[in-house]
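Scroll down for the structure; my scribbles are underneath it.
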Number of protein chains: 2
Amino acid sequence: MKSPRRSAADDSNTRTLLLDAAKDLMVEEGYAAVSSRRVATKAGTNAALVYYYFDSMDGLFLELFRRGAEQSLARQARVLSSAQPLWGLWDAAHDQSSNALTMEFIALANHRKSIRAEISSYSKKFRRMQLEVMSSVLETYGIDSQEWPPATIILMIAGISRFLLMEKAFDVDIGHADMVALVESHIRELEGERRTIHLALADLQD
Amino acid sequence: MKSPRRSAADDSNTRTLLLDAAKDLMVEEGYAAVSSRRVATKAGTNAALVYYYFDSMDGLFLELFRRGAEQSLARQARVLSSAQPLWGLWDAAHDQSSNALTMEFIALANHRKSIRAEISSYSKKFRRMQLEVMSSVLETYGIDSQEWPPATIILMIAGISRFLLMEKAFDVDIGHADMVALVESHIRELEGERRTIHLALADLQD
DNA sequence: GTCTATAGCTGGATAGAC
DNA sequence: GTCTATCCAGCTATAGAC
């Protein structure tokens, strides 16, 4: 029986510093580099505090994932309700740093059940939200939902852009320009020129 | 100066057992579970032998990646020279277990430079091979390379199928059936009904 | 809330017997 | 080729001082 610390100072400054440090470590050196000692050192504080705030390393990873998931979900909602939801979807999927984090969590999930369950339920929520909005959007664009089910559009955009990001992380970009041009020309046909701010840039402030 | 053991009994039985054990561990529990002790135990042998055959854990990972890469490259060549290269590409990309391994290596690459470099050069080789073959294949199919550059077809097939695999690993399969149907209907238009053996099944023997 | 100290474990890597 | 023994580092987690 662990003591119930979940609600203890969710907005504590130290707590946030620890989460930020864990995130940076995970992106820069992979999840295996995220130990209580290294996180604490990077946050300029003490390793024991990780256990004070999160009970265990598992708890830390879980909270880190949840924090990111909530941000992504909120951004996604914003983007989908904009005047150019397809551009929004495409640009949002292009965020490099959040993608690197995602890849680490996917690998982590391979041996941490709690993470696995969390990613699963979050992904479903995410997808349901995309589907609901895009279904009506694509209908107003006059897309035949028999020939092009909304789910296929979403999966193509998500799949292609994640794949390009993964490859780019290894300096592989053969044919990427062609691929981007092709996708964007199709989006342009439906929503015209991109008018929203490139989210990949807006996210540099995170 | 390490002693040059690279060529020492590349076909040794124990060596192969160690590589197999490392592969299984990596798929089942993630790369962090791959330690010299655990690999040796799973292989039914001794931890010191890892260092005898591979010099270091880094060396083990590198050899494991290379072995898989060579197999994939060979299979890819076979598939691309078949009568239905598009079906081959699509089916080969659907191999679940090799995909799980790939994801682990990608995460590993985040903090092992040697792995990173190896994945990078292998990916480029892989892509170049696909491009070369598919360029002429698509031309014979009468595909306009201006409108649909060969690289885009390849990237779409690879990206979509990896994305579906990743999601399925988390029990997320919303819209997957639609996506598969759409891709396969386009392939069918070009190459007719699938006549080759489903590679995902053929690979169960590995 | 934050720290030190420490128990207990697992890991990479090497030396040397056989 | 294969094994045991061993060193040293780093990890999770807890107890307890402040």
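Every chain is numbered from 1 and lettered A, B, ... according to where its sequence line falls, protein lines coming before strand lines.
Listed pair A:S35 / D:dC11 meets the phosphate criterion, a side-chain N or O lying under 4.0 Å from OP1 or OP2. Within the structure, a side-chain polar atom (N or O) of A:Y53 is placed less than 4.0 Å from OP1 or OP2 of C:dT2. Remark: B:T14 is not in phosphate contact with D:dG1, judged by side-chain N or O atoms under 4.0 Å from OP1 or OP2. Side-chain N/O atoms of A:T45 include none lying less than 4.0 angstrom from OP1 or OP2 on C:dT2. Checking the phosphate oxygens (OP1, OP2) of C:dG12, a side-chain nitrogen or oxygen of B:S36 falls inside 4.0 Å. Regarding contacts with the backbone of C:dT4, a side-chain N or O of A:N46 is found under 4.0 angstrom from either OP1 or OP2.
Of the charged side-chain nitrogens involved, at least one lies within less than 4.0 Å of a carboxylate oxygen, so that A:D20 and A:R67 count as a salt-bridged pair.
Remark: P of C:dA15 and OH of B:Y52 are 16 Å apart, rounded to the nearest angstrom. Atom pair A:F54:CZ and C:dG1:C1' shows a separation of 14 Å (rounding to whole Å applied). The nearest whole Å value for the distance from the CZ atom in B:R112 to the P atom in C:dG11 is 13 Å. Note: CG (B:L17) to P (D:dC3) measures 11 Å, nearest angstrom. Spacing between atom CG of B:D55 and atom P of D:dG1 amounts to 14 Å, rounded to whole angstrom units. Atom OH in B:Y51 sits roughly 5 Å away from atom P in C:dA13 (whole-Å rounding). To the nearest angstrom, C1' of D:dA17 lies 14 Å from CG of A:L49. The interatomic distance linking B:M57 (CE) with C:dA13 (P) rounds to 8 Å, in whole Å.
Comparing A:A48 and A:R38 by the nucleotide of DNA chain D whose heavy atom lies nearest to each, the residue mapping closer to the 5' end is A:R38.
For the pair A:M103 and B:N110, the minimum side-chain heavy-atom distance is 4.5 Å or more. For the pair A:R66 and A:Y122, the minimum side-chain heavy-atom distance is 4.5 Å or more. Contact check for B:L182 versus A:W148: side-chain heavy atoms found under the 4.5 Å cut-off.
B:R37 comes within 4.0 angstrom of a base, heavy atoms only.
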Going by atom type alone, with no hydrogens or angles, which donor-acceptor pairs under 3.5 Å involve a side-chain atom of residues 40-48 of chain A and a protein atom two or more places apart or on another chain?
residue	atom	partner	partner atom	Å
A:T41	OG1	A:R37	O	2.9
A:K42	NZ	A:E28	OE1	3.3
A:N46	OD1	A:A48	N	2.8

